[in-house]
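The model shown is predicted, which means the values in this text are computed figures rather than measured ones.
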Amino acid sequence: MIAEIPTEPRGAARWTQTTALDGRDYVLTFDWIGRLSRWCLHLRDGDGAAIRTGMILNTGTLLLRGVVDPRRPPGELAVVDRTGRGDADPGIDDLGERFALVYLDAAELGR
């Protein structure tokens, strides 16, 4: 199943939320990096230990590709352009609006 992860910056350039992925809690921290004009995502396990940090939120990228840490979610994270245009990446006001962070669970990927 593909599930949209709620992302509501509400004008904040940084926020942290706990999100369940495939039945386990993960801590997601979103950072707006002004000098790059990009959102960055940090993924931690339920205890707050880093799994992968510094993931730039670009469309067309599987964010967990190559992560072999056994604590990682078994599925994949990706950014989707709801308009289908695919001509940009999320700006400071676009995350949760035009762009969605989605999770493809293990079953969807056949894992």
To the nearest 0.5 Å, atom CZ of Arg38 lies from atom CD1 of Ile33 at 10.0 Å
Applying side chain to side chain donor-acceptor pair (under 3.5 Å), can you list everything that pairs with Asp25, at least two apart in sequence or on another chain? none
Please confirm whether the backbone N or O of Glu8 pairs with a side-chain atom of Glu97, one donor and one acceptor, at under 3.5 Å? no
4.5 Å side-chain heavy-atom contact, Leu43 and Met55: yes
Between Arg24 and Pro74, which heavy-atom pair has the shortest distance, and what is it? NH2-CD, 3.9 Å
How does the hydrophobic cluster around Met1 look, that is, which other residues are in it when side-chain heavy atoms under 4.5 Å mark a link? none
In the structure I gave you, are the side-chain heavy atoms of Ile5 and Gln17 within less than 4.5 Å of one another anywhere? yes
Salt bridge between Arg98 and Asp81, side-chain N to carboxylate O under 4.0 Å? yes
Nearest heavy-atom neighbours spanning Cys40 and Ile56: CB-CD1, 4.3 Å
How long is the span from the OG1 atom in Thr19 to the CG atom in Leu28, to the nearest 0.5 Å? 4.0 Å
Could you check whether any side-chain heavy atom of Leu62 comes within less than 4.5 Å of a side-chain heavy atom of Leu77, counting everything from C-beta outward? no
Is any side-chain heavy atom of Phe99 closer than 4.5 Å to one of Val80? no
Between Arg82 and Gly96, what is the shortest heavy-atom contact and its length? NH1-O, 3.1 Å
Let me confirm one number: the NE2-CZ distance from His42 to Arg14, rounded to the nearest 0.5 Å. 6.0 Å
Beyond-backbone contact of Asp105 with Pro73, side-chain heavy atoms, under 4.5 angstrom: no
Spacing of CG belonging to Leu95 relative to OG1 belonging to Thr7, to within rounding of 0.5 Å: 4.0 Å
Would you say Pro9 and Trp32 make side-chain contact, with heavy atoms under 4.5 Å? no
Ring-plane angle category for Phe30 and Trp39, please: parallel below 30°, perpendicular beyond 60°, tilted otherwise. perpendicular
Under the ring pair (Phe, Tyr, Trp, His ring centres under 6.0 Å) rule, collect the residues that match up with Tyr26, sequence neighbours excluded. none
Membership question, hydrophobic clusters at under 4.5 Å side-chain separation (ILVMFWY): are Leu101 and Trp15 in the same one? yes
Option from Thr61, Val102, Leu64, Val67 for which side-chain contact (heavy atoms from CB on, under 4.5 Å) with Glu76 holds: Leu64
Measure from the side-chain N and O atoms of Asp22 to the backbone N and O of Ala106, and report whether any donor-acceptor pair falls under 3.5 Å. yes
So, taking the atom named CZ in Arg71 and the one named CG in Asp45, what distance separates them when rounded to the nearest 0.5 Å? 4.5 Å
Linking I/L/V/M/F/W/Y whenever any side-chain heavy atoms sit under 4.5 Å apart, do Leu63 and Val27 land together? no
Smallest heavy-atom separation, Ala50 atom then Asp69 atom, equals O-OD2, 4.4 Å
